[in-house]
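What follows is a set of notes on a single structure, which appears directly below.
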Amino acid sequence: MSETPTPPSAGTLQRPVAAGDHVFLVDGSSYIFRAYHALPPLTRKSDGLPVGAVSGFCNMLWKLLKEANEVGVRPTHLAVVLDHSATTFRNAIYPLYKAQRPDPPEDLRPQFSLIRHAVQAFNVACVEQEGFEADDLIATYADQAVAAGADVTIVSSDKDLMQLIRPGVVMLDTMKGKTIGRDEVIEKFGVPPEKVVDVQSLAGDSIDNVPGVPGIGIKTAAQLIETYGDLESLLAAAGEIKQPKRREALIANAEQARISMRLVTLDTAVPLTVPIDQLVVRAVDGARLIRFLKAMEFSTLTGRVAAATGVEQSKVDPDFALAAASARTGEAEAGSSPGGEPLPEGSLAAASVALAETVAGLTPSALAAARADAARASPVDRSTYETVTSLEQLVGWVRRASERGVVAVDTETTSLDPMQAELVGVSLAVGPGEACYIPLAHRGAGDGLFNEGILEGQIPLRAALDALKPMLEDRAVLKVAQNLKYDWLILARYGIEIAPYDDTMLISYVLDAGRGPHGMDPLSEKWLGHTPITFDDVTGKGKARITFDRVAIDRATAYAAEDADVTLRLWQVLKPRLAAEGMANVYETLERPMIPVLSAMERRGISIDRGMLSRLSGDFAQAAAGLEDEIHKLAGQPFNIGSPKQLGDILFGVMGLPGATKTATGAWATGASILEELAEQGYELPQRILEWRQLTKLRSTYTDALPSYQHPETDRVHTSYALAATTTGRLSSSEPNLQNIPVRTEAGRKIRRAFVAAPGTKLVSADYSQIELRLLAEIADIPALRQAFRDGLDIHALTASEMFGVPVEGMPSEVRRRAKAINFGIIYGISAFGLANQLGIGREEAGAYIKRYFERFPGIRAYMDETRRFCREHGFVTTLFGRRCHYPEINSKNPSVRAFNERASINARLQGTAADIIRRAMIRVAPALEAARLNARMLLQVHDELIFEVPEDEVDATVPLVTQIMEKAPEPAVALHVPLKVDARAADNWDEAH
DNA sequence: CCTGCCCCATA
DNA sequence: GTATGGGGCAGGA
């Protein structure tokens, strides 16, 4: 590359400016605005991120550095100078200065920090300084350069910089491709550069809100300055001016003109934090630059840079933190299906490789391995954590986060319940060991009566959030959290919507579901070999537990900053594994997008009829009390019916009823099936006990518990969904568990009736019909079953007919019931033992059923064999959408453990695929409703059912929309050979809607 | 006060 | 036979 000589000083950080040098000062801020308006809009192809200004900026910078530029000289020193903040010393002079400047347009905003990344990628100095405008920095650098005998080119067309032009200093308008020198300034202002400020202080500037003298514009100002020499001379001689209006205006606004002079005059004495010597041009690192350009998807420039630097671009991956795959929140599909079928959406195939910040030649798995090694190598050192107590400190951390492009975030609050929690502090980590805690609402460790006030030395909460919000919402800064849904809910209540984001818990879940817990402490142990301070350590536990706002700030810093530190390290270890193990697609399409979906559902909650539950509770209690008397009478003595131990003694010890069996621990078994057996034989006591158990269960678990979960402000019940709790991909619900609300018995359904629609709305319940059986037909590839579903037949009756040779017409219900049990048994990984239990028949008979079933449906036996074989070989099974469910004990020497894992793995493919499908539907519902301008809100998910709250007059429009989304949810990733069927209904309560 | 066990509610 | 969460009891701290 003889055309692109390495600067003589390459590799050194600084070299004094000397005669013959050429200093280029790029006015970054004004360039960005200009490029935005002048260039055609450009968005990144794969996700629509606006990048027009970034593109223009990169092309300009490349030209300056490597190709012929208009000045015909290459810089020895170069800096991109940016405005740091809206407030500068000029606001002290004149508060209205730039006060009415509108916010930058929406699609320009995210480009600012991208341009900072660009400057870094070019290995060019980026200068910005608190309290000064870019123009002042440029003025100061220009002065120093000229003093040292160097030439200066200011890359800008901003008229405010024209005052700096003099021998040795020119401006360069790269977009118009022309230089601006003395002549051009005279053309614009009518005066030479040294008198530009005089003209500007008279003419003012409406855009920057420089007042000037009313009625005097550039032309008149130039004329006056031409005549009188400068502003002061003019003001001194104002009385002599002939035109009365002009005379009066000048006299009346003399002071205003002087203020304007101070506003427009650039400060050439800024105390520079980056000395001019450090602006020396450094060698471009081709790979680094290409990483950035690829992430931006600037293919033309990437090609040029590759050619000029000799870097093979195919060996460089896009910058992981900036690439579309990381920035998106999961709206797109994957590049290819797990089965290898090509899909219409292709963008993610390349992007998932981009997840790793690979250097050229390092494969994703090599990177993942290297990261895992490195994680254990650098120990966690809590002593380096910083407590952030001033806004200046905080701004520094925010800036660092923006520069790095990745930051781990954790919130500390007053409660584990995100619906009740108040923010107490925030911790950040920008690199391993580089972490801080920002206490915001810590109180004294008082007894609750005294020391109530917020401790001093904390940044006011609002100010801190205002400082954090732009970074937390900046699309160029990836936020990493552990169990983000919690922090998302907290921050949402403070008006912050984090984007883009990663969740280490979900990454771990995608990679290792079934291989252990995904909480931070176990993950830290597993991957970092480090034991973090536990929450209990800091807050105590049980009765002695204190809320986090009472934790001493230094202690809180150690705990909270460590959490952020550990989270970032976990992310570094786990994230590369996604690409290496081909799981990025599952994470991005099935996990990450669920965070906002579930957050919204939890935040919304569901309405319950408290009075109805209270009445039910009384009814149940009364009925149970009656049964209790009866039971004691039948038993011949009072005892605790709720104690299985005592009950077993009465039934089998005292009364000597038949069919006694023992549990694993040697106690009498008193489960429902045993009591039912006895009841059928005519014993009255077991029947009464079953009734008593049902009533007391319904009362304690539901009618009494549910009202206690009503939120004090919303008056609704807000469950919590766990995304990483099951091996199969199902969600789980807790506090309260709304996925096990009774439905089978009449008494139970009364509880369901207490889940009601808000006034003016209906509850709509939409559930998949026999989804797992349909997926069995699909996955096991059973043509007869597939066809039966396509024909809309009664699948259990058909199974019975095939197995027992009974015609479907007039089939006895008992025959159909048996076939139904077998179908369910298949889904559960059938065993003769289990089927026998379910049907109340002998093991041999059950075994014969299974044998006959497999004879009739050999494909299903093949499916089960293949699943077992695959799981034994790999330790996991996959769903249709590529989710992996791990069964590490599948090869256990213990036959019953092994058999259990085989059944679970057979079930997991079906249950897991169904879970994937409803997740896909859930992710699509909100955008579809919005597009249709419907106001329905998803409230609950119960594995194969979604419950919505729908304005009454929108029910008719909402039901088909939701049904359609659910039935088509597998598409386009997977084209099923069986139809999915969804039943939906609207009513005033959940029971009638279901 | 915590833990293991039993039992039971759902899909 | 699969997947969960939770309440009450009983035993050990």
Side-chain angles (χ1 to χ4, degrees), chain A residues 513-514 536 541-545 639-648 662-675 689-690 692-702 704-706 709 719-722 725-745 747-749 751-752 767-773 776 821-839 843 846-847 849-850 864 877 885 887 896 899-912 914-915 918 940-945 994:
Chain A
D536 288 356
K541 51 183 187 169
K543 219 180 76 164
R545 171 161 284 176
F639 67 102
N640 185 348
I641 310 169
S643 163
K645 186 180 178 305
Q646 294 184 34
L647 175 63
K662 297 280 183 80
T663 66
T665 52
W668 297 116
T670 66
S673 61
I674 289 169
L675 299 188
I689 289 166
L690 284 167
W692 180 90
R693 274 195 182 158
Q694 192 200 22
L695 292 171
T696 52
K697 167 79 177 179
L698 294 178
R699 191 165 97 100
S700 66
T701 309
Y702 302 105
D704 286 357
L706 283 172
Y709 285 103
T719 185
S720 174
Y721 288 104
T726 72
T727 308
T728 55
R730 273 195 179 176
L731 305 179
S732 81
S733 156
S734 62
E735 292 182 313
N737 181 356
L738 295 185
Q739 292 182 322
N740 71 346
I741 299 304
V743 71
R744 291 201 228 273
T745 66
R749 279 196 296 277
I751 291 162
R752 216 165 247 243
D767 68 302
Y768 285 104
S769 164
Q770 296 177 320
I771 185 166
E772 290 181 7
L773 215 43
L776 174 70
I822 293 168
N823 280 333
F824 272 97
I826 297 294
I827 291 168
Y828 296 153
I830 205 149
S831 78
F833 181 84
L835 183 62
N837 267 341
Q838 178 66 30
L839 287 175
R843 275 252 288 286
Y849 282 180
I850 295 170
M864 293 174 88
V877 294
C885 313
Y887 294 90
S896 70
F900 174 81
N901 279 274
E902 289 174 0
R903 291 192 298 272
S905 63
I906 287 163
N907 172 254
R909 293 181 71 188
L910 305 168
Q911 189 184 109
I918 199 166
L940 302 177
Q941 188 251 42
V942 192
H943 308 308
D944 66 356
E945 175 189 15
H994 183 70

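Letters go in sequence order (proteins before strands), and every chain restarts at 1.
- For the pair Arg909(A) CZ and dA3(C) P, the computed distance is 16 Å after rounding to whole Å.
- In this structure, Ala544(A) reaches neither bases nor backbone, as no heavy-atom distance under 4.0 Å exists between it and the strands shown.
- One can place CG of Asn740(A) at 12 Å from C1' of dA3(C), the figure rounded to the nearest angstrom.
- Of the possible donor and acceptor atoms, one in the side chain of Thr719(A) sits under 3.5 Å from a partner among the backbone N and O of Ser734(A).
- Across all strands, Ala832(A) comes closer than 4.0 Å to no nucleic acid atom at all (heavy-atom distances).
- The nearest whole Å value for the distance from the CG atom in Asp704(A) to the P atom in dG6(C) is 16 Å.
- Separating the CG atom in Leu706(A) from the CG atom in Asn737(A) is a distance of 10.0 Å, to the nearest 0.5 Å.
- In terms of modelled atom types and a separation under 3.5 Å, the side chain of Arg730(A) and the main chain of Gly912(A) share no donor-acceptor contact.
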Given protein heavy atoms under 4.0 Å, the one-letter contact record of nucleotides 8-13 of chain C, with B base, S sugar-phosphate only and - none, is simply SSSS--
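- Within the model, atoms CD1 of Ile830(A) and CG of Asn907(A) stand 12.5 Å from one another, a figure rounded to the nearest 0.5 Å.
- Here Thr696(A) lies out of heavy-atom contact (under 4.0 Å) with every strand.
- Annotation: cation-pi pair Lys645(A)/Trp668(A) absent, no NZ/CZ under 6.0 Å from the ring centroid and within 45° of its normal.
- Across all strands, Arg744(A) comes closer than 4.0 Å to base atoms (heavy-atom distances).
- As rounded to whole Å, 10 Å separates atom P of dT4(C) from atom NE2 of His943(A).
- The residue Ile741(A) sits close only to the backbone: its heavy atoms come under 4.0 Å of sugar-phosphate atoms, none of a base.
- Side chain of Glu772(A) to backbone of Leu910(A): no donor-acceptor contact under 3.5 angstrom is found.
- Tyr721(A) places a side-chain N or O within 3.5 Å of a backbone atom of Gln941(A) that can act as its donor or acceptor partner.
- Atom OH of Tyr768(A) is separated from atom C1' of dA3(C) by 18 Å (rounded to the nearest Å).
- Among the heavy atoms of the strands, none lies under 4.0 Å from Ala908(A).
- Atom CZ of Arg843(A) is surrounded by 12 or fewer heavy atoms from other residues, nucleotides or ligands within 6.0 Å.
- Close approach of DNA chain B to chain A, defined as any atom under 4.0 Å from a non-hydrogen atom of the protein, starts and stops at dC1(B) to dA11(B).
- Remark: the backbone N or O of Arg693(A) is paired with a side-chain donor or acceptor of Thr696(A) at under 3.5 angstrom.
- The only option from Thr728(A), Asp944(A), Thr726(A), Thr727(A) that meets the side-chain hydrogen bond (donor to acceptor under 3.5 Å, both in side chains) definition with Gln911(A) turns out to be Thr728(A).
- For the segment residues 730-738 of chain A, residues with any heavy atom less than 4.0 angstrom from an atom of DNA chain C are, sorted by number, Arg730(A), Ser732(A), Ser733(A), Ser734(A), Glu735(A), Asn737(A).
- Distance check: Ile906(A) CD1 to Met864(A) CE gives 4.0 Å after rounding to the nearest 0.5 Å.
- Here dG5(C) presents its C1' atom at 9 Å from OH of Tyr702(A), a figure rounded to the nearest Å.
- Distance CD (Gln911(A)) to C1' (dA3(C)): 4 Å, rounded to an integer number of Å.
- We find that CZ of Arg903(A) is positioned 9 Å from P of dA3(C), with the value rounded to whole Å.
- At least one side-chain heavy atom of Glu735(A) sits under 4.5 Å from a side-chain heavy atom of Tyr709(A).
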